[in-house]
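Encoded as structure tokens, the structure appears first; notes follow it.
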Amino acid sequence: MTQIPDSAITFIKEYYEIYDKNRQDIYKYYRETSTMVWNGDSKQGLQAIAQFLIALPKTSHNIETIDSHPVQTTGLLLHVTGTVSYRGAVANAFSQSFMIGSDMGHFIAYDNFRLTTDKASY
């Protein structure tokens, strides 16, 4: 069994707390070189990603699993599953993968989010 680094757990807890409670600060996790795919919709760069995420309805995430894998010497691959509720509605299952870069501080290089509940809505 692989031990998940404390830094990965801290990162995930902080990311989803900001996402749910202070989403206007979500930009701190991305760079101009970051790429995000959200349910098949691709966004490139800090501004586009932040604007897209800020425009989403209010959320509440419940994290169920976190997996991590180091990537060479420059990053960490994280995979998260759980549920997310939009506007207090019924929770939808989701899966999200992050490639965390470590040059110039930790940031999300790649972010891939997918609602996995049939007929999920937000």
Side-chain angles (χ1 to χ4, degrees):
M1 181 186 224
T2 303
Q3 180 70 24
I4 298 171
D6 289 342
S7 61
I9 294 169
T10 299
F11 179 87
I12 293 300
K13 285 181 180 179
E14 289 175 359
Y15 177 83
Y16 287 106
E17 183 163 334
I18 285 178
Y19 196 113
D20 290 341
K21 297 179 181 173
N22 298 308
R23 197 167 319 149
Q24 70 278 3
D25 292 335
I26 202 79
Y27 72 90
K28 296 175 183 179
Y29 291 94
Y30 297 91
R31 302 286 186 269
E32 281 307 319
T33 56
S34 299
T35 300
M36 178 186 73
V37 177
W38 198 93
N39 263 359
D41 187 10
S42 183
K43 302 293 179 193
Q44 176 72 43
L46 170 69
Q47 186 92 7
I49 294 169
Q51 285 178 341
F52 178 80
L53 292 175
I54 289 169
L56 291 173
K58 182 167 177 50
T59 56
S60 177
H61 287 84
N62 179 41
I63 305 306
E64 295 173 1
T65 66
I66 302 171
D67 294 304
S68 71
H69 184 76
V71 179
Q72 297 186 10
T73 60
T74 60
L76 188 63
L77 177 64
L78 299 175
H79 184 77
V80 179
T81 63
T83 59
V84 59
S85 175
Y86 293 93
R87 293 184 218 104
V90 174
N92 295 296
F94 78 91
S95 173
Q96 189 163 14
S97 296
F98 301 98
M99 175 61 190
I100 308 298
S102 60
D103 57 321
M104 297 173 51
H106 294 290
F107 69 97
I108 299 170
Y110 302 100
D111 178 353
N112 190 341
F113 177 92
R114 176 66 68 177
L115 289 168
T116 58
T117 304
D118 286 342
K119 300 179 183 175
S121 62
Y122 58 94

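Numbers for residues simply follow the sequence, beginning at 1. These numbers come from the heavy atoms of this one structure, side chains and all, not from hydrogens, waters or symmetry mates. Predicted, not measured: the structure shown is a model, and the values here were computed from it.
Contact between Arg31 and Lys28 at its shortest, heavy atoms only, is NH1-O, 3.6 Å. Counting all heavy atoms, side chain and backbone alike, Gln47 lies closest to Glu32 at N-OE2, 3.9 Å. Between Leu53 and Met36, the shortest heavy-atom contact is CD2-SD, 3.9 Å. Here the shortest heavy-atom pairing between Ala8 and Leu76 reads CB-CD2, 3.7 Å. Of all heavy-atom pairs between Glu64 and Thr83, the closest is OE2-CG2, 3.6 Å. Taking every heavy atom of both residues into account, Gln44 and Thr35 meet most closely at OE1-OG1, 2.7 Å.
You'll find the side chain of Ile12 reaches within 4.5 Å of the side chain of Leu78, heavy atoms only. For the pair Ile108/Phe11, a side-chain contact is recorded, criterion being any heavy-atom separation below 4.5 Å from C-beta on.
Judged by distance alone, the side chain of Thr116 and the main-chain N or O of Ala93 form a donor-acceptor pair under 3.5 Å. Side-chain atoms of Ser42 never come within 3.5 Å of backbone atoms of Val37 as a donor-acceptor pair (strictly under, hydrogens ignored).
The distance from the CD atom of Glu14 to the CG atom of Asp25 is 12.0 Å, given to the nearest 0.5 Å. Rounding to the nearest 0.5 Å places CD of Gln96 at 10.0 Å from CG of Leu115. One distance of note links NE2 of His79 with CE of Met99; it measures 15.5 Å at 0.5 Å rounding. Atom CD1 of Ile26 and atom CD1 of Ile18 lie 6.5 Å apart (nearest 0.5 Å). Atom NE2 in His69 sits 7.5 Å away from atom CG in Leu77 (nearest 0.5 Å).
Counted by atom type alone, Asp20 and Thr59 present one or more donor-acceptor pairs between their side chains at under 3.5 Å. Judged by distance alone, the side chains of Thr65 and Thr81 do bring a donor and an acceptor atom under 3.5 Å apart.
A centroid separation of 6.0 Å or more is found between the aromatic rings of Phe98 and Tyr29.
When each of Tyr27, Phe113, Trp38 is checked for a ring pair (Phe, Tyr, Trp, His ring centres under 6.0 Å) with Phe52, only Trp38 meets the rule.
Aromatic ring pairs are classed by plane angle as parallel below 30°, tilted from 30° to 60° and perpendicular above 60°; the pair Tyr15 and Tyr19 is tilted. Aromatic ring pairs are classed by plane angle as parallel below 30°, tilted from 30° to 60° and perpendicular above 60°; the pair Tyr16 and His61 is tilted.
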### Query
side-chain contact (heavy atoms from CB on, under 4.5 Å) between Asn62 and Phe94: does it pass, once the steps are laid out?
CA-CA 10 Å; Asn62 179 41; Phe94 78 91; over 6 Å; no
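At most 12 heavy atoms of other shown residues, nucleotides or ligands fall within 6.0 angstrom of atom CG in Asp6.
Under a hydrophobic-cluster definition in which Ile, Leu, Val, Met, Phe, Trp and Tyr are linked whenever side-chain heavy atoms come within less than 4.5 Å, directly or via other members, Tyr110 and Val71 are assigned to the same cluster.
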